[in-house]
Amino acid sequence: MQRQLFQLPKEEARSSNEEAELIVQGLNREQQEAVRTSEGPVLIIAGPGSGKTRTLTHRIAYLIAAGKARPYQILALTFTNKAAREMKERIQKLVGDTAAKGMWMGTFHATFARLLRTEADKIGFTADFSIYDTDDSERILKQLMERFRIDSKQFSTRLMRSLISGAKNGLVSPAEYARLAVTEQQAKAAQLYGPYEEALRRANAMDFDDLLIRPIELFQKSPETLERYQTRWSYVHIDEYQDTNHAQYVLAKMLADKHRNICVVGDDAQSIYAFRGADIGNILSFQRDYPDAKVIRLEQNYRSTKRILQLADSIIKRNQDRLDKELWTDNREGDYVVLMEALSEKDEAQKIERTIRDLQVRLGHTYREFAVLYRTNSQSRSIEDALRRGSIPYRVVGGTPFFQRKEIKDVLAYLRLVVNPNDTASITRVINYPARGIGEKTQEELAAFARREGVSLWQAIERVEEVGLAPRAQAAVERFRFLIAQHAAQATSRPADEIARSIAEDTGILHELHQEKTEESLMRWQNVQELISGIAEFAAERGDEAGSLSAFLQDVSLMTDADGEEEDTNRVTLMTLHASKGLEFPVVFISGLEEGLFPLSMASQERKDLEEERRLFYVGVTRAQERLFLSYARSRFRYGNQEPTVRSRFLDEIDVPDVIRTEAGGMFNGRSDRFSLGASTREISYNEMDPYYYRRNLRQNGGPQQKSRTAARKSAPSSERRVVYDEDQVGIVPGMIVEHDLFGEGKVLAIEGAGDQAKATVFFKEVGQKKLMLKFAKLRRVG
DNA sequence: AGAATGGACTTTTTT
DNA sequence: AGTCCATTCT
């Protein structure tokens with residue numbers, strides 16, 4: 001297997017300087033320089049739409065064509081599988097298919113999973129290790145929390161997982177973390193961290209974080225392994241460098257240490273993954289680690305119109321944490337950015353639908369030129385409904401991808417068990433699905449036995465006779481054991497898809513889905529069938545070794561939303577702002593620009609969180625090439641009822657004249673004084689927020705019929721929203737600072753209902769967000 | 001054991 | 001509105 005790794009490609013790269021020249025054509029001076037700077041560390045700081053990925057791609061092609069590197073000496077790390085695939089395709093076009101063969105190009109996670117497959121034994125894993133997604137990790141954590149009697153209501157498993165994940169990404173060991181833990185939550189996480197790691201190891205499983213930190217562990221333990229990879233990869237490239245975390249930073253540094261030919265591309269203003277440990281500081285550290293690094297700035301934007309860029313600039317200017325960059329473009333002025341106000345999320349969706357139709361009919365835009373962006377996945381629903389009603393074809397990126405569906409995950413869990421029976425998370429998932437009489441109590445006894453004996457759950461099942469279960473339960477476990485063992489025995493000898501089929505049949509999953517006879521279950525049945533044929537396809541494509549079941553399963557864990565989508569169809573694209581990173585569209589809609597949604601309420605308290613939201617807005621705006629629409633709804637359906645909303649502060653921050661117009665063509669002026677940004681304080685001083693803004697705003701912004709503004713204002717006191725916001729009746733309005741006997745001081749986020757039914761959503765400094773009945777809560781106004 | 005019922009709680013974003 | 005959990009019923 002190792003030999004395969006270092007094999008030379010069969011055909012020599014056809015390298016000539018002439019071809020290298022061809023490759024750099026069509027780039028501007030800075031880009032050409034970036035491409036040709038082939039020795040030593042290079043840092044490319046580049047704005048949106050500056051062709052940064054293209055520059056990186058050309059650089060790699062240039063290295064090959066100019067004969068500076070063989071393809072197998074090239075490592076390129078990207079952020080998504082899709083980016084890697086596209087990069088590879090473009091390079092193949094530039095230098096030829098065979099000349100490009102053998103490059104290592106992929107996401108950090110996929111790349112190091114692949115590396116770990118060949119080196120797993122050196123750190124005490126086997127090549128068939130399972131890859132745990134968030135779900136699996138939380139399943140393991142839940143068990144541990146039950147064991148340690150940690151209340152999962154008080155300390156959510158999700159929080160525990162993210163704390164542990166943070167520690168792992170920061171390369172903090174369990175012992176260290178326990179020492180550093182300050183808050184109660186951290187203390188609980190510290191308690192879980194060690195056992196969690198142990199559980200994974202016992203299950204021969206790695207979570208997403210492990211795929212990055214185990215290689216580091218490996219390289220530390222075995223310097224000669226590191227040496228081998230260092231020698232092999234003489235050119236290291238990293239795209240979207242601003243989104244790398246500490247572990248990724250360390251890995252890259254280790255690998256590039258020998259040749260020091262490392263080229264990274266990034267834009268600090270587009271960093272939107274700090275929540276998952278990404279560290280913008282890595283860009284700064286790069287210059288510290290490599291003082292001789294060549295820094296190249298790409299500031300010309302080739303993507304957007306002047307107006308769109310002006311808007312983007314006015315947004316990002318508000319952030320304190322940023323490197324100065326002057327974006328400019330030769331593109332035309334372009335149309336106004338349009339701000340749309342809607343009454344509800346349904347109305348918003350309908351307006352988007354109508355606008356798409358209009359642009360398509362009137363200006364000849366095709367469906368694939370549109371993208372509708374939103375902050376949270378759940379927002380896609382109303383938009384999907386509207387598009388469907390208008391018969392506009394669309395595709396949703398993300399949401400619940402195929403491999404996240406329950407029935408698929410169930411079958412996959414069985415398959416993972418067959419490959420790696422020690423996979424505890426998978427056992428817990430399916431040990432009693434379909435129901436086979438292994439109830440909670442039996443499972444607990446098995447787990448307890450495993451713990452006593454210090455073995456994995458599977459090993460406990462193998463020794464079920466010693467556990468001392470009731471005869472009926474024991475027989476059920478024995479049947480389960482036989483089922484898995486029987487298939488495991490054939491795992492390597494039979495084709496992957498055959499194993500999958502017989503598992504789906506023998507477990508009774510197919511049977512159960514078939515029997516139910518509902519539309520829903522029929523869909524699921526089809527999905528399972530589709531999975532099986534997918535596995536067959538995979539095996540056929542890859543051939544024996546690489547097409548094994550275990551390779552398939554590891555691949556699947558690393559697949560994401562954007563992958564596997566056919567893009568050639570002419571459809572409108574719906575996705576989250578996060579998923580839109582790196583893409584561009586002629587026409588872009590950014591929907592749901594409302595306080596609490598974008599910026600998300602939990603992210604609007606701390607300055608650094610708010611700035612990340614703002615960068616996200618910046619990313620969204622800069623996806624647009626020609627036309628940009630921003631929209632918000634004045635009420636939105638959330639938690640089962642229609643709640644009033646307030647337009648996003650991001651809109652009111654916009655301070656460039658002549659860039660935005662309302663739908664009716666009116667001028668738009670933001671009110672920048674609405675949310676005061678304490679320049680010197682670390683936190684947004686929410687105390688300074690104008691509590692009466694909401695009322696005034698609602699009255700003045702007379703809804704869709706802008707013309708009758710004055711009329712609307714006159715009749716306002718008795719109009720639509722009086723019930724909700726009538727101060728005399730309620731006394732509490734959103735934005736107000738209040739005090740509660742128990743919860744202390746907090747800010748009112750929203751009011752709903754009226755009279756005795758009135759409820760307030762309040763964000764308390766101490767205890768977080770709560771919804772309270774005004775009748776009982778006895779809120780006092782502060783200040 | 002397992003289904004059924006009722007209640008609390010929920011929403012970030014993702015490799 | 002949906003999901004997850006606990007309790008109760010069969």
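Quick note on labels: first sequence line is chain A, next is B, and so on, each numbered from 1. This one's a predicted model, so the numbers in the text were calculated from it and none came from an experiment.
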Review point. Does A:Thr442 have a side-chain nitrogen or oxygen under 4.0 Å from the phosphate oxygens OP1 or OP2 of B:dA1?
Key: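 Yes, A:Thr442 has a side-chain N/O under 4.0 Å of OP1/OP2 on B:dA1.
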Practice item. Using a cut-off of strictly less than 4.0 Å, decide whether A:Asn377 has a side-chain nitrogen or oxygen near OP1 or OP2 of B:dT13. Key: yes
Tell me: [atom1] of [X] to [atom2] of [N], nearest whole Å?
X	N	atom1	atom2	answer
A:Tyr249	B:dT15	OH	P	25 Å
A:Gln443	B:dA1	CD	C1'	12 Å
A:Asp243	B:dT15	CG	C1'	11 Å
A:Phe275	B:dT11	CZ	C1'	13 Å
A:Lys581	B:dT12	NZ	P	20 Å
A:Asp135	B:dT15	CG	P	14 Å
A:Arg615	B:dT13	CZ	P	18 Å
A:Lys441	B:dG2	NZ	C1'	15 Å

Point to revise | Closest-nucleotide 5' rank along DNA chain B - winner of A:Ile438 and A:Asp209 | key: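 Of the two residues, A:Ile438 wins.
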Exercise for review: Find which nucleotide of DNA chain B each of A:Arg161 and A:Arg158 is nearest to by heavy atoms, and output the residue with the more 5' nucleotide.
Suggested key: A:Arg158
Practice item. Determine if A:Phe108 stacks with B:dT15; use a centre-to-centre distance below 5.5 Å and an interplanar angle below 30° as the criteria. Key: no
Exercise for review: Shoot me the first and last contacting nucleotide of DNA chain C against chain A, ordered 5' to 3', at under 4.0 angstrom to non-hydrogen atoms.
Suggested key: C:dA1 to C:dC5
**Study point:** Of the listed nucleotides B:dT12, B:dG2, B:dT15, the one nearest the side chain of A:Asn432
**Key:** B:dG2
Revision key, fill the gap. Picking from B:dT14, B:dT12, B:dT15, the nucleotide nearest the side-chain atoms of A:Thr576 would be B:dT14
Review point. Have A:Arg117 and A:Gln554 got a donor and an acceptor in their side chains that come within less than 3.5 Å?
Key: yes
Check your understanding: Angle class for the A:Tyr273/A:Phe275 ring planes (parallel below 30°, perpendicular above 60°, tilted otherwise)?
Key -> tilted
Review point. Mind checking whether A:Phe617 and A:Phe650 have parallel, tilted or perpendicular rings, split at 30° and 60°?
Key: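 Parallel, since the angle between the ring planes stays under 30°.
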Point to revise | P-based separation of C:dC4 from B:dT13 [nearest Å] | key: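 Roughly 15 Å separates the two P atoms.
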Review point. Is NZ or CZ of A:Lys406 both nearer than 6.0 Å to the six-membered ring centre of A:Tyr433 and within 45° of the ring axis?
Key: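 Checked: cation-pi criterion met.
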Point to revise | Pairs involving residues 133-156 of chain A, ordered by first then second residue, that meet ring pair (Phe, Tyr, Trp, His ring centres under 6.0 Å) (sequence neighbours left out) | key: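 Qualifying pairs, neighbours excluded: none.
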Practice item. Show your reasoning for whether salt bridge (charged side-chain N to carboxylate O under 4.0 Å, His left out) applies to A:Arg634 and A:Glu594. Key: CA-CA 8 Å; A:Arg634 283 172 42 177; A:Glu594 295 142 35; over 6 Å; no
Check your understanding: Does A:Ser378 make a side-chain donor-acceptor contact with the base of B:dT11, cut-off 3.5 Å?
Key -> yes
Check your understanding: Taking atom NZ of A:Lys441 as the centre, does the number of heavy atoms from other residues, nucleotides or ligands within less than 6.0 Å exceed 12?
Key ->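 Result for NZ/A:Lys441: open.
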